[in-house]
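Contents: one structure, followed by commentary.
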There are 2 protein chains.
Amino acid sequence: MATEAAADERSTYERFLEKVRRIENLGAGASMLRWDQEVKMPDEGIQARSQQLSTLSAVIHEEFTDEEMGEYLAELEGADLDPDQAAVVREVRREYERKTRVPTDLVGEISRTTSEALPQWKEAKAEDDFSIFAPVLEELLELKKEYAEHIDPDADPYAVLFADYEPYIELETAEEMLARLRDELVPLVDEIADSDAELATDAFSGEFDENVQEELARDALDVLGYDWDRGRLDTAPHPFSIGNQFDARVTTRFDATDPLGGLTSTIHEFGHATYTLGLPDEEYGTPLGDSRDLTVHESQSRLWENHVGRSRAFWELFLPRFQKRFPQTADLEVEEAYEAANQVYDDNLIRVEADELTYHMHIVLRFEIERELIEGDLDVEDVPEAWNDRMEEYLGVRPETDAEGCLQDIHWSHGSFGYFPTYSLGSVLAAQLFAHAEREIDDLEGRIREGEFDPLRDWLGENVHRHGCRYTTPELIEEATGESFTADHFLGYVEEKYGELYDL
Amino acid sequence: MATEAAADERSTYERFLEKVRRIENLGAGASMLRWDQEVKMPDEGIQARSQQLSTLSAVIHEEFTDEEMGEYLAELEGADLDPDQAAVVREVRREYERKTRVPTDLVGEISRTTSEALPQWKEAKAEDDFSIFAPVLEELLELKKEYAEHIDPDADPYAVLFADYEPYIELETAEEMLARLRDELVPLVDEIADSDAELATDAFSGEFDENVQEELARDALDVLGYDWDRGRLDTAPHPFSIGNQFDARVTTRFDATDPLGGLTSTIHEFGHATYTLGLPDEEYGTPLGDSRDLTVHESQSRLWENHVGRSRAFWELFLPRFQKRFPQTADLEVEEAYEAANQVYDDNLIRVEADELTYHMHIVLRFEIERELIEGDLDVEDVPEAWNDRMEEYLGVRPETDAEGCLQDIHWSHGSFGYFPTYSLGSVLAAQLFAHAEREIDDLEGRIREGEFDPLRDWLGENVHRHGCRYTTPELIEEATGESFTADHFLGYVEEKYGELYDL
């Protein structure tokens, strides 16, 4: 009897896994259609594409929440599963529960409202008039509060929304970390603003042909070890990376007056793609072959962008290649390139143009404002003032328009409240992981200088990528670093780096 | 009561149509993933892509053949539908019946066997050894006969297979037409071989940069009026066109020693895309917004490729553009370009390199052989000899290898028996449609010479494209031309054209 029961259980798990793979394959197909939409699709194609993607979403939702899935999960409750199987069930159950708790009508209403919100946000930004966007923002906040209430009526609604992007890190942990970043970085940025140090901020001024920039971006991907048999590089208005372990694509954008922007954006997306490519082939289509959530993903892009791409060692390696593509920079010294890549913009208003230090103040203010909005402590109409006040407090600069202030980001028009914190958490985790990689890899800096990136990629592959969703985020951090999630490494890193750069 | 019943019927049709649109959207998404696979996907991506496409096929099959669809079709049987609705139900019912009659196991076996057949065909071709491919070809023939038996046990199995590609033209009609082509074209090709006419066959000899060829292909698409907001041009190893009325993409290929090849291939695929773009926007996702089958589709590509792209008027228009891109051809006369574009290759062994005359002998021999194979009148092992004998009989040239003979085409490894005839039927229909367009458009030749393609595109749009699948193929031909499907126009066209070219 025991044997028979075991056989039955295995069979349930196998059928369950087949269904999971089926759903993941539909999702992976939809992802590629989104890549095409952003990168290749002719403009008018959107009229058919939006219907294709909406149908796929509906089919995926139905497959995920149908009776069969409910029965599998019920049968697998308390079944004798190995740890990998248990992890798969944990991930699927979590998503199943969140999906089934929200009424289909509400999902449809949120989807319709975000569709309407996007053009209203665009118009508001173009007209520099927050009042155009305010009513639909109000509506989205109400709908998302309702959504959170369905998922967990007893929880802090913002915590429920945050968990859509980062399911396993407690909101309290995130909140404490962001407060610590604010408390320690605001004085540091002040010190930098007061510093007499003169960095080579105009090292890369002039015009840089965008086609040559693309060749340079390919050089960078070659040097870093991007697997072109499993990827490709294209341009997109908003760079992103998408795909799976067999096909992880990078997009970037070029600006003729900002060659560092295109390069760092390429390296950032390379970090995302490298995570994806490190997922185990044989687990494709299951949570074990899928990446962890936004904090971990962003840690991978930031690690490559900041700890590698903005390091002195990288510029020792890469400047000659840069100069070969752009002979006008032939006289540039490594130190000048390094300084230009790391200057702190203490008067910058725009998040996506921020340096790796002030960036977090942009995040903290968004986090504080959206939390207060969801909790009802801030009225929508008061957002512009709250935004500008905090910009002044944290960065010493006040936006003169809403377009440069609270209307700059697209996220709220998507109804994405709770997303922003993961950007900062990703940077913090990047520093923690890099610190441990430095300890465990012999002369990592020297290897970067020599263009030997295999040891770092292997270390990340071994400690992060290959696990997929086997561990929760805190478990994964613990496994990889032997300590819990901490901002110590990040703060130590920026204090040392910027202290030296700005003679503090 | 009558009103209530009518309301019920309408509601059934609406729900049915919603399901049809859902299925079409999944199919349209899958099509775009196939485009990506051929055009953009990195090599290793196939490992995930094949699973995505196979999942999508399974979901589409299930949605198409489920109980709900059966109930809708039963309820709509004899319902009071307008002609458009009746056409939609006709098309869906036909496909539903074919799909539900074939057991899922057999579909799976055919799919697995074609997957195995492809590498075996490739190896056989590379090794020039038909015996490597013969066993799996035998297996595929048996499976396809079984498949045909399930769909209609009383019908000629080849007719059932042919109907997968051309559902509404009777096999007898196709057979008579192909026999007539054979009987009239073989003597014509003989006459041409004996002719003393010396055509400017080396007008385009030399090297033509492939990047410049691509610019020239874009010039051609500009001139012909391709809508770049609803399309794009890329290269692919095997050119094809894919998409829907909002996004119909063209692919082509370039060969540095054959600039005419890349150009005619581009114009051919433009013809397919123009059909797709002429389908009504508002019917996207239903058979009324979908193109008719292969004969009609191929008629559109051949019409633009041959009747426009190989015409003297087109070369009067286009040669200056060609010469601007390739100054080495500055001294070329229109007549020379026209002759080079229309030379008959009486010693060519390869179908895809054939001219518009001998092409059909390549088709006739394939048609005769695959028919005999399905009927059991020819053994697989005797295919090479049967092939070579017919090549000698119809074209006066005998392949020395199987790689250049019966192994040259990929189609049989896909299990596609019955596909080839539609290529010739398409040419025949192209001539019939063009003859009527010439009658109805004032000075069509002059307009082509002036680069005014709107009248021709509008005529095709009005008489062919906008109908989608409203009419069956014979009805559509009748509607467009006022006569039934006939090879008279095609034969008249080639006799006049080649009689003049070769002084016959």
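The chains referred to below are lettered A, B, ... by the order of the sequence lines, with proteins before strands, and numbering in each begins at 1.
- Under the 3.5 Å distance criterion, with hydrogens and angles disregarded, a donor-acceptor pair is assigned to the side chains of B:Ser301 and B:His272.
- Side-chain contact between B:Leu56 and B:Gln52: absent, with no pair of heavy atoms (C-beta onward) separated by less than 4.5 Å.
- Taking chain A as the reference chain and counting heavy-atom pairs below 4.5 Å, the highest number among B:Val39, B:Thr55, B:Asp281 is found for B:Thr55.
- Taking chain B as the reference chain and counting heavy-atom pairs below 4.5 Å, the highest number among A:Asp227, A:Asn244, A:Asp36, A:Asp43 is found for A:Asp36.
- Interface remark: of the candidates A:Met41, A:Lys40, A:Gln245, A:Lys40 forms the most heavy-atom pairs closer than 4.5 Å to chain B.
- Contacts between B:Trp35 and chain A at a heavy-atom distance below 4.5 Å involve the side chain alone, from C-beta outward.
- Using a 4.5 Å heavy-atom cutoff, the side chains of A:Asp247 and B:Glu44 are not in contact.
- The 12-atom threshold is exceeded at CD of A:Glu215, counting heavy atoms of other residues, nucleotides or ligands nearer than 6.0 Å.
- Electrostatic pairing of B:Arg466 and B:Asp458 does not count as a salt bridge here, judged by no charged N lying under 4.0 Å from a carboxylate O.
- Annotation: maximal heavy-atom pairing with chain A below 4.5 Å, among B:Met32, B:Arg49, B:Arg21, B:Arg249, occurs at B:Arg249.
- The parts of B:Asp229 that come within reach of chain A are both its backbone and its side chain, each placing non-hydrogen atoms under 4.5 angstrom from that chain.
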